[in-house]
Amino acid sequence: MPAPTSYDRTSATRFPVAVDAALRAAGWQPGRWDIKQAEYWADTLRDHVSPAGHRHTVFPAAVEAWAEFGALRVAGPGPGRQIAPAPLRVDPLTGLHLARTFADLGRALGTEICPLGDEADGRAHLAIDIEGRVYSLDHAGDWYLGANIDQALATLVTGTQPTRLTST
């Protein structure tokens, strides 16, 4: 049997120590799952139509991330590796009125995007795509945070510099 990786969902070492501690301090624990709240968020997003007719897409990767991490407010434990970690909140309704913004990013990336939450009290918005990849959108641009929610949380909590999305 191969050794578990730091992002293995079945392992006791799913998250790096600092990330695990920050998540637990925010109220997360292994097995946390609030599907009722996640379904409420999914219904609210699906029902919302912008004045210009834009709608959110909702898919399993988003609902699963909300069910496990929804309503958490997570703060980084220190100064950060490369940048200062910003507190984050997993609440997709922070992006309710950004349906067009998320749709535009999704088109640019060739995927569908759904709100995940925000950073720094709304100064950046978090999004997840249909494959589970996570992004941050702020006034300076769009950022790739990780291939899945676990990697994205590690990037945000540890203050690791995310990869800027650029057009080529």
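Computed over heavy atoms, backbone and side chain alike; hydrogens, waters and symmetry mates excluded. Sequential numbering from 1 along the given sequence is applied to the chain's residues. Quantities reported herein were computed from a predicted structural model and do not represent experimental measurements.
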Checklist entry - Using 30° and 60° as the class limits, which term best fits the ring planes of H56 and F102: parallel, tilted or perpendicular? => result tilted
Side chain of [X], backbone of [Y]: donor and acceptor closer than 3.5 Å?
{"X": "S50", "Y": "A99", "result": "no"}
{"X": "R55", "Y": "R46", "result": "yes"}
{"X": "D118", "Y": "D121", "result": "no"}

Counting C-beta onward and ignoring hydrogens, is there a side-chain heavy-atom pair between [X] and [Y] closer than 4.5 Å?
{"X": "L153", "Y": "L23", "value": "yes"}
{"X": "E112", "Y": "D129", "value": "no"}
{"X": "T44", "Y": "L93", "value": "yes"}
{"X": "W33", "Y": "E64", "value": "yes"}
{"X": "D34", "Y": "K36", "value": "yes"}

Next on the checklist: Rounded to the nearest 0.5 Å, what separates atom CD1 in I149 from atom CZ in F69?
Outcome noted: 6.0 Å
Item to check | Distance in Å, L116 CG paired with C114 SG, rounded so as to fall on 0.5 Å steps | outcome: 8.5 Å
Non-hydrogen atoms of [X] and [Y] that approach each other most closely:
{"X": "A86", "Y": "E119", "result": "CB-OE1, 4.0 Å"}
{"X": "I128", "Y": "F59", "result": "O-CZ, 3.3 Å"}
{"X": "L72", "Y": "A26", "result": "CD2-O, 3.2 Å"}
{"X": "V157", "Y": "P85", "result": "O-CB, 3.5 Å"}
{"X": "P162", "Y": "I83", "result": "CD-CD1, 3.8 Å"}
{"X": "A75", "Y": "A22", "result": "O-CB, 3.5 Å"}

Item to check | With sequence neighbours excluded, residues passing side-chain contact (heavy atoms from CB on, under 4.5 Å) with D142 | outcome: L105, L137, L165
Checklist entry - In terms of hydrophobic clusters joined by side-chain contacts under 4.5 Å, are W143 and I113 together? => result no
Item to check | I35 with V58, same ILVMFWY side-chain cluster at under 4.5 Å | outcome: yes
Checklist entry - Run the side chain to side chain contact (heavy atoms under 4.5 Å, CB included) check on H125 and L98 step by step: do they pass? => result CA-CA 9 Å; H125 291 277; L98 298 173; 3.5 Å; yes
Next on the checklist: Show, in sequence, the C-alpha distance, side-chain angles and deciding distance for T158 and Q82, and conclude whether the side chain to side chain contact (heavy atoms under 4.5 Å, CB included) test is met.
Outcome noted: CA-CA 9 Å; T158 62; Q82 294 146 337; over 6 Å; no
Checklist entry - Got a sec: does the CZ of R32 have more than 12 other heavy atoms crowding it under 6.0 Å? => result yes
Next on the checklist: Go through it in stages, so that I can follow the logic: the residues are L156 and L145, the test is side chain to side chain contact (heavy atoms under 4.5 Å, CB included), and I'd like the CA-CA distance, side-chain angles, deciding distance and then a yes or no.
Outcome noted: CA-CA 8 Å; L156 292 165; L145 300 176; 3.9 Å; yes
Next on the checklist: Ignoring hydrogens and geometry beyond distance, is a side-chain donor-acceptor pair present between E131 and T111 at under 3.5 Å?
Outcome noted: no
Checklist entry - Less than 6.0 Å separating the ring centroids of W66 and Y40? => result no
Checklist entry - Hey, mind stepping through L126 and Y135 against side chain to side chain contact (heavy atoms under 4.5 Å, CB included) and telling me if it holds? => result CA-CA 6 Å; L126 302 174; Y135 308 90; over 6 Å; no
